[in-house]
Amino acid sequence: MPQRANAGGELERNMEARVYELPLFPLNVVLFPGQSLPLHIFEPRYRVMVKKCVDNNEPFGVVLAVDEEPDSPAPVGTSARVIEVKRLPNGRMNIVTMGEERFKLHDFHEGEHGYLIGDVSDFPLDDTQPVDERVTAVVRRQLTRYLKLLADANGLKFRFDQFPESPADIALFAAIALRLPLEAKQELLAEDQLAGLLQRETQILGEELKMMQIVAAAIQPPDNNHAFSRN
């Protein structure tokens, strides 16, 4: 049986938040609001879960599986709604989901069909603290440079006509775009303050850009005029 999350003190700190049940899908992925996630559903328990969610137009929760145990979910996840379904033989499905809202996981148990059911509460980004417009501008500038370097490294042309405008949208877009280890992605997802998330992202983007520029310089072909030493 899976271990249960420690609910005591956490529930007390969130008495004002409405706690509700949400079916959970522990995966080796971190999903953010506004991010699409295609999935191939083949396990019988998740076929049942996804079918119920599709039939009732209800979301399920995507949580990072931690400690190399598939039924040990991380304490913060994102609800996902199915927006496309392709039914396959033997009850399997290919689906596309869209991340909707962050949630905190207080407790969980195994339901009758074998998938986990969590006791969760909504966990929106707290934007009550002032956001420094200069930090937002830096994240936007760094992210544009970061995406261009990624495109160049993969032989693609970078073009993005509708860059996010609001600080919250920029922060989430950066969190989605950054290529980071899952643990680092989970830390971004768990950040409670919008101002704190943007500050952390500008630090990460700064470090990533330095590394990418070092790598780009290392693989730069030599100047043809100095390819060989002269005798």
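What you see below is based on every heavy atom in this structure, not just the backbone, and it leaves out hydrogens, waters and symmetry mates. In this chain, numbering begins with 1 at the start of the sequence shown.
In this structure Glu112 satisfies the salt bridge (charged side-chain N to carboxylate O under 4.0 Å, His left out) test with no other residue, sequence neighbours excluded. In this structure Gln186 satisfies the side-chain contact (heavy atoms from CB on, under 4.5 Å) test together with Val30, Leu64, Ala74, Val76, Leu189, sequence neighbours excluded. By the salt bridge (charged side-chain N to carboxylate O under 4.0 Å, His left out) test, Lys51 pairs with Asp55, sequence neighbours left out. Here Glu84 pairs with nothing under the salt bridge (charged side-chain N to carboxylate O under 4.0 Å, His left out) rule; sequence neighbours left out. Residues that satisfy the side-chain contact (heavy atoms from CB on, under 4.5 Å) test with Pro23, not counting sequence neighbours, are Met49, Cys53, Phe60, Tyr115. Contacts of Asp132 classified as salt bridge (charged side-chain N to carboxylate O under 4.0 Å, His left out), with partners at least two apart in sequence or in another chain: Arg134. Checked against ring-ring contact (aromatic ring centres under 6.0 Å, His included), Tyr20 has no partners two or more places apart in sequence or in another chain.
Side chain of Arg141 to backbone of Thr136: no donor-acceptor contact under 3.5 angstrom is found. A donor-acceptor pair under 3.5 Å is formed between the side chain of Lys185 and the backbone N or O of Ile176.
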Fill in: side chain to side chain contact (heavy atoms under 4.5 Å, CB included) between Val54 and Arg87, intermediate numbers included
CA-CA 12 Å; Val54 170; Arg87 301 186 186 278; 4.1 Å; yes
Worksheet item: Step by step, would you call Arg18 with Ser121 a side chain to side chain contact (heavy atoms under 4.5 Å, CB included)?
Response: CA-CA 6 Å; Arg18 181 178 71 89; Ser121 61; over 6 Å; no
Worksheet item: What's the verdict on side chain to side chain contact (heavy atoms under 4.5 Å, CB included) for Arg140 and Arg145, showing C-alpha distance, side-chain angles and the deciding distance?
Response: CA-CA 9 Å; Arg140 178 171 179 150; Arg145 178 62 177 160; over 6 Å; no
Item to complete: Show your working on side chain to side chain contact (heavy atoms under 4.5 Å, CB included) between Lys104 and Val120 and close with a plain yes or no.
Response: CA-CA 5 Å; Lys104 277 189 176 181; Val120 309; over 6 Å; no
Practice prompt. Evaluate the criterion ring pair (Phe, Tyr, Trp, His ring centres under 6.0 Å) for residue pair Phe173 and Phe32; output intermediate values, then yes/no.
Written response: CA-CA 9 Å; Phe173 184 54; Phe32 290 87; over 10 Å; no
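Here the straight-line distance linking atom OG of Ser79 with atom CZ of Phe123 works out to 13.5 Å at 0.5 Å rounding. We find the CG-CZ distance between Leu24 and Phe103 to be 5.5 Å, quoted to the nearest 0.5 Å. How far NE2 of His109 is from CD1 of Ile117: 4.0 Å, rounded to the nearest 0.5 Å. Annotation: the span from Phe163 atom CZ to Glu165 atom CD amounts to 9.0 Å, rounded to 0.5 Å.
Side-chain contact between Phe25 and Leu39 is present, with heavy atoms from C-beta onward closer than 4.5 Å. Two residues are said to be in side-chain contact when any heavy atoms from C-beta on lie closer than 4.5 Å; Leu180 and Glu208 meet this criterion.
Members clustered with Phe42: none, using a 4.5 Å side-chain heavy-atom cutoff among hydrophobic residues. Applying the 4.5 Å side-chain rule to ILVMFWY residues, one finds that Leu88 remains a lone member of its cluster.
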Using distance only, find each side-chain donor-acceptor pair of residues 92-100 under 3.5 Å and give its atom names and separation, not counting sequence neighbours.
unit_1: Arg92; atom_1: NE; unit_2: Pro89; atom_2: O; d: 3.4
unit_1: Asn94; atom_1: OD1; unit_2: His40; atom_2: ND1; d: 2.8
unit_1: Thr97; atom_1: OG1; unit_2: Leu37; atom_2: O; d: 2.9
unit_1: Glu100; atom_1: OE1; unit_2: Arg81; atom_2: NE; d: 3.3
unit_1: Glu100; atom_1: OE1; unit_2: Arg81; atom_2: NH2; d: 3.3
unit_1: Glu100; atom_1: OE2; unit_2: Arg81; atom_2: NE; d: 2.7

Which donor-acceptor pairs under 3.5 Å do side chains of residues 193-207 form with protein atoms, sequence neighbours excluded?
unit_1: Gln193; atom_1: NE2; unit_2: Asp126; atom_2: OD2; d: 3.1
unit_1: Glu201; atom_1: OE2; unit_2: Ala175; atom_2: N; d: 3.4
unit_1: Thr202; atom_1: OG1; unit_2: Gln142; atom_2: OE1; d: 2.8

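Contacts classified as salt bridge (Lys or Arg N to Asp or Glu O under 4.0 Å) and involving residues 168-183 (residues at least two apart or in different chains) are not found.
Nearest heavy atom pair, residue Pro164 against residue Ile170, reads O-CG1, 3.5 Å. Of all heavy-atom pairs between Leu31 and Ala80, the closest is CD2-CB, 3.8 Å. Nearest heavy atom pair, residue Leu116 against residue Pro26, reads CD1-CG, 4.1 Å. What you find for Ala177 and Tyr146 is that their closest heavy atoms are O-CE2, 3.9 Å. Shortest non-hydrogen contact noted between Ala174 and Val139 is CB-CG1, 4.3 Å.
The residues Glu191 and Arg102 are annotated as not salt-bridged, no charged nitrogen and carboxylate oxygen being separated by less than 4.0 angstrom.
Leu178 and Leu209 end up in the same hydrophobic cluster when Ile, Leu, Val, Met, Phe, Trp and Tyr side chains are linked at under 4.5 Å. Val138 is not connected to Leu149 by any chain of hydrophobic side-chain contacts under 4.5 Å among Ile, Leu, Val, Met, Phe, Trp and Tyr, and they are in different clusters.
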